[in-house]
Amino acid sequence: TRLITILGLSGIGKTALTLQLIQHIQHEFDCIIWRSLRNAPHLESLQTDLIQFLSQQQETELPDLINHLRSHRCLIVLDDVQTIFSSQQLAGNYQPGYENYGAFFKQIAESSHNSCLILISWEKPREIAALESNPKNCQTLQLNGLGESAREIFIEKGLLESEKWSELIELYQGNPLWLNTAAAAIQDLFNGNISDFLSYDSLVLGDLEYLL
């Protein structure tokens, strides 16, 4: 599959899962490139960076990126893709000046090459839905939380009242980051007693408030 999108809320485990994946498949690629879009680089800047890396040259006038992806089997991971989207709008709408990313993702999915692009994002780019009709071109994985396996977090944190664990998992949607943070607060502030925590006025404490 040429284009893979891994979607989920912050802290759900998208990056951790991708790192685990790379350990298993890295031998299938000539090179692996990981770039974060956290600082919202414009597409031209990103493409120049990728081309220079692949060509090991410094000049900006280099062959098109697609040509490099045809001559090398590359795995490119773009993290924090949500930073190029507009807030206060429907998911997947680009900020002004970043709309050409949509055409870039479409080109990667539909062009002939042997490379793969993985997008890690809170939101699905709006082009993806149409591209998913061909699984060879594009596929999406939506991460939705740990479910009952999150109990391992509570065992590690030493929380009491195991009969309350399912309620805690449901409250925090099985998000491992949120559950780890909440469990640490329960242990530190309520001596591991979940009932006392649930009776408190707020379910958002300390580090969790900062993360949200």
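Numbering of residues begins at 1 and proceeds along the displayed sequence.
A side-chain contact (heavy atoms from CB on, under 4.5 Å) with Leu75 is found for exactly one of Leu21, Ile25, Leu117, namely Ile25.
Phe85 has its side chain within reach of Pro125: a pair of non-hydrogen atoms, C-beta onward, lies under 4.5 Å apart. Here the side chains of Ile33 and Asp49 are not in contact, with every heavy-atom distance at 4.5 Å or above. Looking only at side-chain heavy atoms (C-beta outward), Asp79 and Thr18 stay at 4.5 Å or farther from each other. Side-chain contact between Leu168 and Phe197 is present, with at least one heavy-atom pair separated by less than 4.5 Å. Between Ile194 and Phe154, every side-chain heavy-atom pair lies at or beyond the 4.5 Å cut-off. In this structure, Ile120 and Thr15 have side chains that are in contact, with non-hydrogen atoms separated by less than 4.5 Å. When side chains are defined from C-beta on, Ile153 does not count as touching Leu159, because their heavy atoms never get closer than 4.5 Å. Within the 4.5 Å cutoff, no side-chain heavy atoms of Ser195 are placed close to those of Phe190.
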After noting the C-alpha distance and the side-chain angles of Thr83 and Tyr98, does the key distance pass the side-chain contact (heavy atoms from CB on, under 4.5 Å) rule?
-> CA-CA 10 Å; Thr83 58; Tyr98 291 85; over 6 Å; no
Between Ile84 and Leu43, is a side-chain contact (heavy atoms from CB on, under 4.5 Å) present by the stated rule, with each step listed?
-> CA-CA 10 Å; Ile84 64 174; Leu43 179 61; over 6 Å; no
Verify side-chain contact (heavy atoms from CB on, under 4.5 Å) between Gln107 and Asp64, making sure each step is shown before the conclusion.
-> CA-CA 12 Å; Gln107 182 188 30; Asp64 186 83; 4.3 Å; yes
Chi angles and distances behind the side-chain contact (heavy atoms from CB on, under 4.5 Å) call for Leu19, Gln23 | CA-CA 7 Å; Leu19 288 169; Gln23 290 184 25; 5.5 Å; no
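Of all the heavy atoms in Pro176 and Leu146, the pair that sits closest is CB-CD1, 3.7 Å. Tyr94 approaches Gly102 most closely through the heavy-atom pair OH-CA, 3.4 Å. Listed here is the closest heavy atom pair of Leu7 and Thr5: CD2-CG2, 3.5 Å. Closest of all the heavy-atom pairs between Ser55 and His68 is CB-CE1, 3.8 Å. Closest approach of Asp196 and Ser199 over heavy atoms only: O-OG, 2.8 Å.
With a 6.0 Å radius and a threshold of 12 heavy atoms from other residues, nucleotides or ligands, Glu152 has its CD atom at or below the threshold. The neighbour count for Arg73 CZ, taken as heavy atoms of other residues, nucleotides or ligands under 6.0 Å away, is above 12. Shown here is Glu170, whose CD atom has no more than 12 heavy atoms of other residues, nucleotides or ligands within 6.0 Å.
Rounding to the nearest 0.5 Å places CD of Glu110 at 9.5 Å from SG of Cys138. Considering CD1 of Ile6 and CD of Gln142, their distance stands at 11.0 Å, rounded to 0.5 Å. Rounded to the nearest 0.5 angstrom, Lys14 NZ and Leu119 CG are separated by 12.5 Å. With values rounded to the nearest 0.5 angstrom, Cys31 atom SG is found 12.5 Å from Gln26 atom CD. A distance of 5.0 Å separates CD1 in Ile118 from CD1 in Ile4, rounded to the nearest 0.5 Å. Residue Gln95 holds its CD atom at 8.5 Å from NE2 of His42, rounded to the nearest 0.5 Å.
One hydrophobic cluster holds both Phe53 and Phe104 under the rule that ILVMFWY side chains link at heavy-atom gaps under 4.5 Å. Under the 4.5 Å side-chain heavy-atom criterion for grouping Ile, Leu, Val, Met, Phe, Trp and Tyr, Leu143 is connected to Ile22 within one hydrophobic cluster. No continuous path of hydrophobic side-chain contacts links Trp34 to Leu65 [ILVMFWY only; heavy atoms under 4.5 Å]. Taken together through direct or relayed side-chain contacts under 4.5 Å among Ile, Leu, Val, Met, Phe, Trp and Tyr, Leu171 and Leu9 form part of one hydrophobic cluster. Linking ILVMFWY side-chain heavy atoms closer than 4.5 Å, directly or via other members, places Val77 and Leu131 in two distinct hydrophobic clusters.
Between the side chains of Asn100 and Glu44, a donor-acceptor pair is found at a separation under 3.5 Å. A donor and an acceptor atom, one from each side chain of Asp80 and Ser36, are located under 3.5 Å apart. In summary, the side chains of Ser166 and Arg151 do present a donor paired with an acceptor at a separation below 3.5 Å, with no hydrogens or angles considered.
Proximity of a side-chain donor or acceptor of Asn175 to a complementary backbone N or O of Leu177 within less than 3.5 Å is detected. Between the Gln173 side chain and the Gly145 main chain, no donor and acceptor come within less than 3.5 Å of each other.
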